[in-house]
Participant: 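Okay, here's the structure, questions in a sec.
Each residue takes its place number in the sequence, starting with 1. For ligands, and for the atoms within them, numbers begin at 1 and follow the listed sequence.
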Amino acid sequence: MCGIVGYVGKNNAVDIIFKGLKKLEYRGYDSAGIAIIIDKKLEIKRSVGKLCNLGAMLDKNPISADIGIGHTRWATHGRPSEENAHPHTDPTKSVVVVHNGIIENYIELRNKLKKGIQEFQSETDTEVIAHLVKKHYKNNLLSAVQKTLCELKGSYALGIVCSEEPDKIICARQDAPLIIGVGKGENFIASDIPALLPYTRNMIFLENGDIAEITAEKIIIKDIKNNIRNRGVKNIRWDAVQAEKDGYKHFMLKEIFEQPRTIEDTFRGRIYPDEGRVYIEEIELEEKYIKDISNIYVVGCGTAYHAGLVSKFLFESFAKIPTEVDIASEFRYREPILNEKTLIIVISQSGETADTLAALRLARSKGCRTIAVCNVVGSSISREAMNVIYTHCGPEIGVASTKAFTGQLTAVYILALDWGCKRGKLTNKELRKYLKELWEIPLKISEFLKNANDVCNIAKIFAQKKHKRDFLYLGRHINYPIALEGALKLKELSYIHAEGYAAGEMKHGPIALIDESMPIVAIVIKKSKVYTKMISNIEEAKARGGTIILVSDKNNKEIAAKSEHIIYIPQTDEFVSPLMTVIPLQLLAYYTSVLLGCDVDQPRNLAKSVTVE
Ligand code: M6R
């Protein structure tokens, strides 16, 4: 996730772009840059680190122009550095590009271009776009971009300018947001509304496949084949604060609703269900090593630890590798038996959690290979781990982790499938089936989110005083960690005590807690080997007077008879189900917190990144 801004008109593009990028810094902040055209020449300023560094550079050497594009980066391909900062240009420095998204086939395209002796200045997937546009350029920028887009696979929001056509910006959108701000004698592009609100409230929301040619006076939207596409102009009434949250009341709600896209971003370019193929470019483990792994330790804290607990089921079932999961603050102080065949996987959204970092260092000191599942490129954990698989979720601002968790689940699911195949434990048919299940998840979550209000209605009942003493969350098998995660979300957001339990373990103690005031959230998955067992556990709780809130994927009579509070979710395979079952639990915690008047995005006593022991 990165932020893009572009401007063409009578005012100073640099000012407008810089202020716009400031509003988009939430989308990424590891480097930033601006490109303008002055006297038919490109001028590019880039700097690593937060936007203020670019600001200082521009203050020192002010520049101005009436056209330009800018970018604030959240690294995906290539570490945060000045060379990798956008905008990127072609070798002759006439075409310049800013990009948000991932070009899946950039290596293949780079290799093809290299044969034509093209020099690359960065490690990014984006630079190839500038080279291709230049290659196709024959006095018509729009047509060169159209030809380039035919060659790209992946997602993109693009802003492109060319010194030979200094009056226009070409922009294009495929699976990444891009809007055009419509002004008088000036026009704008941006990744998100807040960047443009000070200048215009009239906006065009581009759709997939749209390519726009924008001058100060005109906006023409076409498709790749040059057919005109008509898009209406919408008048935006949001205030600036609403706009930063994309119209949602809180960042957390926005992040919950982003999950269909962030999950897709995490698996994009890594899974190919039709071909039955997984491709994780960044993990450099030889097949021999993968076959020889004796055991895995997965280590993390809080929500990341819960993702680890889910991964145990995946690594053991798909790849048949014995897996232990540890809380990082415990792992670092015990004496785990580690050797060179032990693989350590650390999971961390921020990549800065002190205990997880210490666990990683311990593993490295014992000679183990290490992998980080991480969201923040360039973070300490991502730098120190031998391999990193990034969850491409973009910055998570709400302190309660939501989209980062589902990104972590997606990443470990892919790793387990890959190793299952490499170790000969999964057939290609099975692989295709599981990949297809994952592929369908974003759509299923989107469907479910249309009825988020149903969860709100349940929260309204249970946020009342007579109920709010304690909650119990029950799950079994791969949904046991989701019960833990649901309870954690409720605790941290609404300050209600909640406990997650393996449903079969309840009768060994916690059942004593159950009475009429105890709400019990139970996760039941039909296609599960523990389905009937779970039903029995629910009966046990009901018999003690507990009020059951069911999360179930089956709209059948058997389930309907178990409780009047049921949240139905789309049906999935059990192994991928945590990606689905956690969504209603995130919403339940969110709405309960709102109803109780708590600070949703910054709950008391918590920090987004825990860098102390
Ligand atoms: O950045 P990390 O993933 O390493 O953070 C780990 C935990 O601190 C984090 O998941 C925490 O539990 C969240 N507040 C949960 O919502």
Participant: Identify the protein heavy atom lying closest to atom 5 (O) of ligand 1, giving its residue, its atom name and the separation to 0.1 Å.
Facilitator: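 For atom 5 (O) of ligand 1, the nearest protein heavy atom is Thr353 OG1, 3.5 Å.
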
Participant: Closer than 4.0 Å to some heavy atom of Val399 - which atoms of ligand 1 meet that?
Facilitator: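 Listed by number with element, the hits are 13 (C), 14 (N), 16 (O).
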
Participant: Would you check whether Glu352 reaches within less than 4.0 Å of ligand 1, judged by its heavy atoms?
Facilitator: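 Distance cut 4.0 Å: Glu352 fails for ligand 1.
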
Participant: Show which atoms of ligand 1 fall inside a sub-4.0 Å distance from at least one heavy-atom site of Lys489.
Facilitator: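 Atoms satisfying the 4.0 Å criterion: 15 (C), 16 (O).
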
Participant: Take Ile548 and His565 through the test side chain to side chain contact (heavy atoms under 4.5 Å, CB included) and record every step on the way to the result.
Facilitator: CA-CA 7 Å; Ile548 313 289; His565 311 292; over 6 Å; no

Participant: Strictly under 6.0 Å, is that where the ring centroids of Trp439 and Phe267 end up?
Facilitator: yes

Participant: Between atom CD of Glu281 and atom CD of Glu284, what is the distance when rounded to the nearest 0.5 Å?
Facilitator: 9.0 Å

Participant: With a cut-off of 4.0 Å, which atoms of ligand 1 are near a heavy atom of Gly302?
Facilitator: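 Those atoms are 12 (O).
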
Participant: Any side-chain to backbone donor/acceptor pair from Asn84 onto Glu123? Under 3.5 Å, distance only.
Facilitator: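 Checked: pair present.
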
Participant: So if I count the atoms of ligand 1 from 1 in the order they appear, which ones are less than 4.0 Å from some heavy atom of Gln349?
Facilitator: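 This gives 1 (O), 2 (P), 3 (O), 4 (O) as the contact atoms.
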
Participant: Taking Arg332 first and then Asp355, would you say they form a salt bridge - that is, a charged N and a carboxylate O separated by under 4.0 Å?
Facilitator: yes

Participant: Does Glu492 reach ligand 1 with a nitrogen or oxygen that is under 3.5 Å from one of the ligand's nitrogen or oxygen atoms?
Facilitator: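 It does: an N or O of Glu492 is found under 3.5 Å from an N or O of ligand 1.
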
Participant: Provide the number and element of each atom of ligand 1 under 4.0 Å from a heavy atom of Ala304.
Facilitator: 3 (O), 10 (O)

Participant: If the cut-off is 4.0 Å to any non-hydrogen atom of Ser350, which atoms of ligand 1 fall inside it?
Facilitator: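 Listed by number with element: 1 (O), 2 (P), 4 (O).
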
Participant: Is it true that Arg369 and Glu286 have a side-chain N and a carboxylate O under 4.0 angstrom from each other?
Facilitator: yes

Participant: When you measure from atom 8 (O) of ligand 1 to every protein heavy atom, which one gives the shortest distance, and what is it?
Facilitator: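 The answer is Val610 CG2, 4.1 Å.
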
Participant: When you measure from atom 11 (C) of ligand 1 to every protein heavy atom, which one gives the shortest distance, and what is it?
Facilitator: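 Nearest protein contact, heavy atoms only, for atom 11 (C) of ligand 1 is Thr303 N, 4.2 Å.
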
Participant: Can an N or O of Gln408 be found at a distance shorter than 3.5 Å from an N or O of ligand 1?
Facilitator: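 No, there is no polar N/O contact under 3.5 Å.
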
Participant: Does Tyr590 have its ring centroid less than 6.0 Å away from the ring centroid of His250?
Facilitator: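 Here the rings of His250 and Tyr590 have centres that are less than 6.0 Å from each other.
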
Participant: Does Lys403 offer a backbone N or O that forms a donor-acceptor pair with the side chain of Glu396 under 3.5 Å?
Facilitator: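 Yes.
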
Participant: Give the residue, atom name and distance (to 0.1 Å) of the protein heavy atom nearest atom 7 (C) of ligand 1.
Facilitator: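 Nearest neighbour among protein heavy atoms for atom 7 (C) of ligand 1, to 0.1 Å: Cys301 O, 3.5 Å.
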
Participant: Taking Lys320 first and then Glu316, would you say they form a salt bridge - that is, a charged N and a carboxylate O separated by under 4.0 Å?
Facilitator: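 Salt bridge flag = no for Glu316 with Lys320.
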
Participant: With heavy-atom distances below 4.0 Å as the criterion, list the atoms of ligand 1 near Ala400.
Facilitator: 16 (O)

